[in-house]
Amino acid sequence: IMAIKGIIMEHTENEIVETQEITSFNRKKFKENAKAQLKDRKKIPVLALLFSFLITSLIYIPYYLILASTTTGSAVPTESEITKAYGILFPLMLLIVAITSTLNIANLSLHFKIFKSSAKVTFSDFVSSFSLWLKGISAALVKSMYLYFWSMLASLPVLIISLIITSLLPKETSEQLVFTIAQIATFVSYIPCFIILIVKNYQYSQMMNIIADNNSVSSKKALDLSSKITKGYKKDLFILDLSFIGWILLAFVTFGIALLWITPYMSLTKINAYDFLKKSYVEKLKNEQAQEKEEETKTTESSQEKDEE
């Protein structure tokens, strides 16, 4: 319990935005709280997202220009294309991952400041969170590695079965048939892979929230805690995401411009959901500890009665 309490930031009552106390996973109340927390404080989150979009665009534009210049259109890449891909595009992609991860954790930290306090936020609050760049990159890499591992594990049985089937085919079997079987097996392997990725993605969905909530938590610890607090709530988190479809469609119609205002609202809603998951898990641990103490007390009393007899 003390380990989990370590990631909970305590605040006095006058520092917290007046929101509804939530005792169950309630999407409506999460959204109402998010609106209350963003009231008269939308300007800085919007500016931070606009800044993030411009920086990301400045990196992606040269990446795609270089990609277009290194592609000749041939099915087999030339030696020159491979050299350019590994010499220029790969380092540039690493830079993109590093910058986008830093911007993501900085924006999320800003949203947490809005969630925790009713005080006005400034753009410097966003900029100061750039110091978490290593935490953001580490969390993104750890999550990606685990998702990749689970996707490979999910598709492996199907691929093994396809290899066994093709090896048992007669030697005179046409190459076209073998190729078709391999294609079917590959397609079928995508199904368990897709399902596992969805489940695991929601299992690890609170990693960034945990790190933004408490910067001292390591990426591995955040992954473990995310797995624990999301247990039994993955379906609720999935439905919460689906409830934003209307807003996503609005963003699509406005060519993404509406995302500048929608993203902080979605982020604060999910932070409210995270806060509920965190508190629910702590309460669960308290109950388990109380039950253990009660059982120990009963055992002690029972042994004392036997000694008296």
Side-chain angles (χ1 to χ4, degrees), residues 4-5 7-46 48-49 104-121 125 139 143 198-214 217 222 225-251 258-286:
I4 301 299
K5 281 184 177 179
I7 70 166
I8 300 179
M9 303 289 192
E10 297 295 341
H11 302 273
T12 57
E13 289 184 2
N14 61 344
E15 288 179 322
I16 303 296
V17 179
E18 291 187 7
T19 55
Q20 301 181 49
E21 184 65 27
I22 301 173
T23 56
S24 62
F25 197 98
N26 191 314
R27 298 189 305 277
K28 183 180 178 181
K29 288 185 178 179
F30 294 154
K31 293 178 179 180
E32 288 174 356
N33 283 355
K35 289 176 183 177
Q37 290 151 358
L38 280 168
K39 188 178 181 182
D40 301 324
R41 296 195 291 175
K42 298 185 183 74
K43 182 180 177 181
I44 299 303
V46 169
L49 281 169
N104 286 340
I105 194 68
N107 276 289
L108 190 56
S109 296
L110 178 67
H111 299 160
F112 261 95
K113 288 177 182 177
I114 294 171
F115 169 76
K116 292 177 179 178
S117 172
S118 59
K120 291 285 185 181
V121 292
D125 290 324
K143 183 178 179 180
I198 292 176
V199 174
K200 290 298 177 180
N201 186 60
Y202 281 100
Q203 181 177 328
Y204 306 143
S205 62
Q206 305 306 308
M207 275 186 69
M208 282 295 193
N209 285 333
I210 292 170
I211 291 173
D213 189 11
N214 190 314
V217 180
L225 290 174
S226 178
S227 299
K228 291 174 181 177
I229 68 176
T230 56
K231 189 175 181 180
Y233 290 102
K234 296 181 190 68
K235 179 182 176 182
D236 296 298
L237 291 168
F238 177 67
I239 294 172
L240 178 63
D241 280 342
L242 289 179
S243 68
F244 291 115
I245 286 179
W247 290 109
I248 300 300
L249 291 174
L250 176 62
L259 280 175
L260 294 174
W261 290 268
I262 294 170
T263 302
Y265 166 61
M266 291 173 61
S267 180
L268 261 296
T269 300
K270 292 180 180 182
I271 288 173
N272 277 276
Y274 156 75
D275 189 60
F276 164 77
L277 296 176
K278 179 179 66 177
K279 290 177 179 177
S280 296
Y281 185 67
V282 171
E283 191 63 32
K284 177 186 174 184
L285 290 180
K286 286 180 179 179

Minimal non-hydrogen separation, Ala251 against Leu259, with atom names: CB-CG, 3.6 Å
Check: Lys116 and Asp213 side chains under 4.5 Å, non-hydrogen atoms: yes
Quick one: does Ser24's side chain have a donor or acceptor within less than 3.5 Å of a partner on Asn26's backbone? no
Verdict with supporting geometry, Ile271 and Gln37, side-chain contact (heavy atoms from CB on, under 4.5 Å): CA-CA 11 Å; Ile271 288 173; Gln37 290 151 358; over 6 Å; no
Would you mind reporting whether Pro264 and Lys42 have side-chain heavy atoms less than 4.5 Å apart? no
How far does CG of Asn209 sit from NE2 of His111, to the nearest 0.5 angstrom? 11.0 Å
With sequence neighbours left out, write down each residue that passes side chain to side chain donor-acceptor pair (under 3.5 Å) with Asp241, or none if nothing qualifies. Tyr202, Lys270
List for me each residue that meets side chain to side chain donor-acceptor pair (under 3.5 Å) alongside Lys200, sequence neighbours excluded, and say none if there are none. Gln203
Check against side-chain contact (heavy atoms from CB on, under 4.5 Å), Val217 and Asn214: CA-CA 6 Å; Val217 180; Asn214 190 314; 4.0 Å; yes
Supply the atom-to-atom distance Lys228 NZ to Leu285 CG, rounded to the nearest 0.5 angstrom. 8.0 Å
Non-hydrogen side-chain atoms of Thr269 and Asn33 separated by less than 4.5 Å: no
Verify the ring-centre separation between Tyr274 and Phe30: is it less than 6.0 angstrom? no
Please report the interatomic distance OG(Ser227) to NZ(Lys234), rounded to the nearest 0.5 Å. 7.5 Å
Provide the closest heavy-atom pair for Val46 versus Leu260 in the form atom of the first, atom of the second, distance. CG2-O, 3.3 Å
Ignoring hydrogens and angles, tell me if any N or O in the side chain of Ser267 forms a donor-acceptor pair with the backbone of Thr263 under 3.5 Å. no
Do you know the tightest heavy-atom contact between Ala212 and Phe112? CB-CD1, 3.6 Å
To the nearest 0.5 Å, atom CG of Leu277 lies from atom CD1 of Ile210 at 9.5 Å
Provide the closest heavy-atom pair for Arg41 versus Ile114 in the form atom of the first, atom of the second, distance. NH2-O, 2.8 Å
Nearest atoms (heavy-atom pairs only) where Asn272 meets Leu268: ND2-O, 2.7 Å
Contact check, side chains of Ile248 and Met266, non-hydrogen atoms, under 4.5 Å: yes
Pi-cation contact, Phe244 with Lys31 (under 6.0 Å, within 45°): yes
Where do Ile229 and Val282 land on the side-chain contact (heavy atoms from CB on, under 4.5 Å) test, with the steps shown first? CA-CA 9 Å; Ile229 68 176; Val282 171; over 6 Å; no
Could I get the full list of side chain to side chain donor-acceptor pair (under 3.5 Å) partners for Asn107, not counting sequence neighbours? Ser52
Answer whether the closest heavy-atom distance between the side chains of Tyr233 and Ser280 falls below 4.5 Å. yes
Check whether any side-chain heavy atom of Phe238 sits under 4.5 Å from a side-chain heavy atom of Leu242, and report yes or no. yes
Verdict with reasoning, Val121 to Leu110, per side-chain contact (heavy atoms from CB on, under 4.5 Å): CA-CA 8 Å; Val121 292; Leu110 178 67; 4.0 Å; yes
With a 4.0 Å cut-off on N to O distance, would you call Asp40 and Lys120 a salt bridge? no
Can you tell me how far CG of Leu225 sits from OG1 of Thr230, rounded to the nearest 0.5 angstrom? 10.5 Å
